[in-house]
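Working notes, structure below.
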Amino acid sequence: MAGFWSQASLEPKRQFRWLLYFANMPQFIAKSTAKPQFQVGDSKHDFLNYEFHFPGKVTWQPLQFKITDPVQPDSTLSLYSVLGAAGYTIPSDYTQENPRTISKKGFVDSLGGQIKIQQIGAGSGDQAVAPLETWTLNNPFITTCNFGSLDYAQDGTVDIDITIRYDWASLESSGQPWPTN
């Protein structure tokens with residue numbers, strides 16, 4: 001254990017080395033993101049005075065990330081356009097001849113079908129091969145989009161908080177796909 005940290009080749013995955021691929025968004029506007037998480041349900045079975053638990057369904061949890069809103073490209077307008085491409089029509093544009101509503105297919109297609117989060121390495125040594133880890137969120141759609149707030153007392157950037165729902169996530173680690181047994 002004494003030599004553990006003295007190894008020059010030891011390099012942990014770092015929080016600041018990542019890229020977010022979301023609806024053709026430029027990389028520089030991404031500020032923070034969560035990584036996917038799942039929850040396994042459980043089913044209880046009672047027998048006499050015993051209680052046993054069995055794993056149930058896997059549910060992938062919503063994912064949140066934050067982007068900044070530059071003047072160009074305009075993130076607010078881009079996200080508003082995604083909503084329109086998903087099928088949303090503002091009430092003043094509704095026509096009885098051409099009624100539209102939001103659909104999952106429209107939303108998924110407007111986001112490009114997948115969202116990817118890549119953790120990258122240092123680019124040298126054992127981490128010369130990038131990415132180290134790629135999470136792919138399949139069939140994503142936006143459930144919440146908070147366009148930020150304005151405040152005369154602040155001089156920071158306007159940030160947009162986005163929550164995504166997806167059907168499942170897949171992981172590829174250092175070029176190795178999910179194990180198939």
Side-chain angles (χ1 to χ4, degrees), residues 8-39 60-90 102-178:
S9 63
L10 177 69
E11 179 75 29
K13 293 178 184 176
R14 305 288 296 272
Q15 286 186 325
F16 67 92
R17 293 181 182 150
W18 57 276
L19 299 169
L20 176 66
Y21 297 93
F22 169 72
N24 296 318
M25 172 192 79
Q27 295 296 324
F28 73 89
I29 68 172
K31 290 187 81 169
S32 64
T33 186
K35 290 174 65 173
Q37 57 181 306
F38 64 86
Q39 180 176 350
W60 289 92
Q61 301 301 303
L63 183 128
Q64 296 176 335
F65 60 91
K66 183 184 297 277
I67 62 175
T68 194
D69 191 7
V71 173
Q72 203 52 250
D74 186 343
S75 296
T76 297
L77 181 60
S78 295
L79 288 165
Y80 194 74
S81 298
V82 164
L83 188 61
Y88 177 75
T89 304
I90 59 174
I102 280 184
S103 70
K104 182 173 180 176
K105 180 179 179 357
F107 233 136
V108 169
D109 290 349
S110 70
L111 295 175
Q114 296 178 328
I115 295 173
K116 292 186 183 252
I117 301 168
Q118 287 185 338
Q119 278 190 263
I120 58 177
S124 63
D126 290 341
Q127 294 186 11
V129 177
L132 299 174
E133 190 176 283
T134 301
W135 283 99
T136 302
L137 311 181
N138 296 283
N139 299 328
F141 61 95
I142 297 172
T143 59
T144 306
C145 186
N146 179 340
F147 289 106
S149 60
L150 306 173
D151 185 343
Y152 284 120
Q154 302 297 321
D155 61 358
T157 60
V158 174
D159 295 331
I160 300 172
D161 293 308
I162 301 167
T163 303
I164 299 291
R165 192 72 195 197
Y166 52 100
D167 289 337
W168 78 94
S170 53
L171 172 64
E172 189 173 315
S173 182
S174 296
Q176 299 298 314
W178 175 272

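Count residues from 1 along the sequence.
- Evaluation of the side chain to side chain donor-acceptor pair (under 3.5 Å) rule for D161 yields K66 as partners, not counting sequence neighbours.
- Other residues, nucleotides and ligands place no more than 12 heavy atoms under 6.0 Å from the CG atom of N24.
- Residues L79 and F147 meet the side-chain proximity criterion, which asks for heavy atoms closer than 4.5 Å.
- Scanning for side chain to side chain contact (heavy atoms under 4.5 Å, CB included) contacts around D167 gives K104, N139, with sequence neighbours left out.
- Annotation: the span from Y166 atom OH to I115 atom CD1 amounts to 10.0 Å, rounded to 0.5 Å.
- For the pair T163 and N146, the minimum side-chain heavy-atom distance is 4.5 Å or more.
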Run I164 and F22 through side-chain contact (heavy atoms from CB on, under 4.5 Å) and show every step you take. CA-CA 11 Å; I164 299 291; F22 169 72; 4.0 Å; yes

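- Expressed to the nearest 0.5 Å, how far CG of L19 lies from CD of Q119 amounts to 10.5 Å.
- Among residues two or more places apart in sequence or in another chain, the side chain to side chain donor-acceptor pair (under 3.5 Å) test is passed with Y21 by Q118.
- Applying the 6.0 Å contact sphere to CD of Q27 captures more than 12 heavy atoms from other residues, nucleotides or ligands.
- Residue K35 holds its NZ atom at 11.0 Å from CG of L63, rounded to the nearest 0.5 Å.
- Counting only heavy atoms from C-beta outward, the side chains of K31 and T157 approach each other to under 4.5 Å.
- Contacts of Q114 classified as side chain to side chain contact (heavy atoms under 4.5 Å, CB included), with partners at least two apart in sequence or in another chain: K116, T136, N138.
- With rounding to the nearest 0.5 angstrom, the OG atom of S78 is 10.5 Å from the CE atom of M25.
- By the 6.0 Å contact criterion, CZ on F38 is open, its count of non-hydrogen atoms from other residues, nucleotides or ligands being 12 or less.
- Once rounded to the nearest 0.5 Å, the distance linking CD1 of I29 with CG of D69 reads 7.5 Å.
- Residues passing the side chain to side chain donor-acceptor pair (under 3.5 Å) test with D74, sequence neighbours excluded: none.
- P36 approaches I117 most closely through the heavy-atom pair CD-CD1, 4.4 Å.
- Looking at every heavy atom in both residues, S110 comes nearest to A23 through O-CB, 4.3 Å.
- For the atom pair CG (L171) and OG1 (T134), the distance works out to 8.0 Å, reported to the nearest 0.5 Å.
- Other residues, nucleotides and ligands place no more than 12 heavy atoms under 6.0 Å from the OH atom of Y152.
- You'll find the side chain of I160 reaches within 4.5 Å of the side chain of C145, heavy atoms only.
- Smallest separation of non-hydrogen atoms from W135 and A169: CE3-CB, 3.9 Å.
- Pairing each heavy atom of W60 with each of W168, the nearest pair is CD1-CA, 3.5 Å.
- Applying the side chain to side chain contact (heavy atoms under 4.5 Å, CB included) criterion to K105, with sequence neighbours excluded, gives S103, D109.
- Side chain of Y88 to main chain of S81: no donor-acceptor pair is present (N/O by atom type, distance under 3.5 Å, no hydrogens or angles).
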